[in-house]
Amino acid sequence: QLQVVESGGGLVQPGGSLRLSCAVSGFTLENYAIAWFRQAPGKEREGVSCISSGSGSTYYSPSVKGRFTVSKDNAKNTAYLQMNSLKPEDTATYYCAADGPYYYCSQYNDFVTMDYRGKGTLVTVSS
């Protein structure tokens with residue numbers, strides 16, 4: 001069964017860190033790009049970060065650049081989003097999605113058009 005499952009969300013204080021995981025099954029992560037998106041209550045979903053297959057080139061939205069790091073462990077078929085210096089405005093449901101080897105990571109990435117999409121994990125940043 002082809003699926004993408006996020007985990008690692010939770011409650012964290014401002015300035016804290018969390019690492020989200022995106023475990024894929026039914027396909028080989030090495031051949032896929034992974035993109036992370038988030039959706040805060042009452043707001044549209046936005047692209048946060050992306051890592052391509054092959055070269056592993058990355059994209060970060062301006063709001064998270066320098067604080068978040070995306071990575072892949074192909075041996076574990078798992079991608080990660082390390083989130084540091086978290087702010088209350090980072091509160092959202094975070095989603096990961098996978099797409100094929102030619103997927104181009106950019107600000108134009110669109111969650112609904114990607115091949116495989118997870119159901120999300122909630123991150124709350126609050127004191």
Side-chain angles (χ1 to χ4, degrees):
Q1 185 177 2
L2 303 170
Q3 61 178 354
V4 173
V5 180
E6 306 92 338
S7 62
L11 174 65
V12 63
Q13 293 187 340
S17 298
L18 275 178
R19 188 178 76 161
L20 305 184
S21 298
C22 174
V24 309
S25 58
F27 60 96
T28 303
L29 182 60
E30 182 177 10
N31 299 325
Y32 283 78
I34 290 289
W36 287 92
F37 301 83
R38 68 185 181 186
Q39 187 167 22
K43 295 188 177 181
E44 291 188 356
R45 185 158 28 215
E46 62 172 340
V48 173
S49 183
C50 181
I51 183 167
S52 66
S53 67
S55 68
S57 61
T58 57
Y59 162 80
Y60 296 95
S61 70
S63 61
V64 307
K65 195 169 187 178
R67 300 188 296 123
F68 290 12
T69 302
V70 62
S71 62
K72 295 166 64 182
D73 185 336
N74 293 327
K76 294 183 178 180
N77 245 17
T78 301
Y80 303 97
L81 185 67
Q82 178 66 44
M83 307 186 297
N84 299 329
S85 303
L86 283 162
K87 305 174 181 179
E89 52 264 43
D90 294 318
T91 295
T93 297
Y94 284 72
Y95 302 86
C96 71
D99 210 301
Y102 304 109
Y103 192 79
Y104 182 72
C105 290
S106 77
Q107 65 192 87
Y108 303 110
N109 295 154
D110 185 0
F111 179 77
V112 297
T113 62
M114 296 189 73
D115 286 347
Y116 308 113
R117 303 179 296 275
K119 297 186 182 302
T121 185
L122 178 62
V123 173
T124 303
V125 185
S126 175
S127 55

Minimum-distance pair of heavy atoms, taken over all atoms of Pro101 and Ser53: O-OG, 3.1 Å
Pi-cation contact, Phe37 with Arg45 (under 6.0 Å, within 45°): no
Common cluster, Val4/Leu29, ILVMFWY with side-chain heavy-atom separation under 4.5 Å: yes
Partner set under side chain to side chain contact (heavy atoms under 4.5 Å, CB included) for Ala40, not counting sequence neighbours: Lys43, Ala92
Stepwise side-chain contact (heavy atoms from CB on, under 4.5 Å) test for Ser61 and Phe68: CA-CA 10 Å; Ser61 70; Phe68 290 12; over 6 Å; no
Side-chain donor/acceptor of Ser25 to backbone N/O of Leu2, under 3.5 Å: no
Candidate pair Phe111 and Gln39, rule side-chain contact (heavy atoms from CB on, under 4.5 Å), full reasoning: CA-CA 11 Å; Phe111 179 77; Gln39 187 167 22; over 6 Å; no
For Phe27, all residues meeting ring pair (Phe, Tyr, Trp, His ring centres under 6.0 Å), sequence neighbours excluded: Tyr32, Tyr116
Of all pairs that satisfy side chain to side chain donor-acceptor pair (under 3.5 Å), the ones with a partner from residues 95-109, not counting sequence neighbours: Tyr103-Asn109
Residue pair Lys72 / Ser52: nearest heavy atoms and the distance that separates them: NZ-O, 3.8 Å
Single-linkage hydrophobic cluster Trp36~Val123, side-chain heavy atoms < 4.5 angstrom: yes
Residues in side chain to side chain contact (heavy atoms under 4.5 Å, CB included) contact with Asn31, at least two apart in sequence or another chain: Thr28
Atom pair OG (Ser7) and CZ (Arg19), whose distance is rounded to the nearest 0.5 Å: 9.0 Å
Nearest atoms (heavy-atom pairs only) where Gly8 meets Thr121: N-OG1, 4.1 Å
Check: Thr124/Ser126 side-chain N/O donor and acceptor closer than 3.5 Å: no
Nearest atoms (heavy-atom pairs only) where Val24 meets Ile34: CG1-CD1, 4.3 Å
Nearest atoms (heavy-atom pairs only) where Val70 meets Ile51: CG2-CG2, 3.7 Å
Distance-minimising heavy-atom pair for Val64 and Val48: CG2-O, 3.6 Å
Rounded distance (nearest 0.5 Å) linking atom OG1 of Thr91 with atom CG of Leu122: 8.0 Å
Working for side-chain contact (heavy atoms from CB on, under 4.5 Å), residues Leu20 and Arg38: CA-CA 12 Å; Leu20 305 184; Arg38 68 185 181 186; over 6 Å; no
Worked check of side-chain contact (heavy atoms from CB on, under 4.5 Å) between Leu81 and Glu6: CA-CA 10 Å; Leu81 185 67; Glu6 306 92 338; over 6 Å; no
Cluster link Met83 to Tyr60, ILVMFWY, side chain under 4.5 Å: yes
Qualifying salt bridge (charged side-chain N to carboxylate O under 4.0 Å, His left out) pairs with a residue from residues 48-68, counting only residues at least two apart or across chains: Arg67-Asp90
By side-chain hydrogen bond (donor to acceptor under 3.5 Å, both in side chains) - contacts of Asn84 (at least two apart): Ser17, Gln82
Approximate separation, where rounding is to 0.5 Å, of Cys50 SG and Met114 CE: 6.0 Å
Atom CD of Glu30: over 12 foreign heavy atoms under 6.0 Å: no
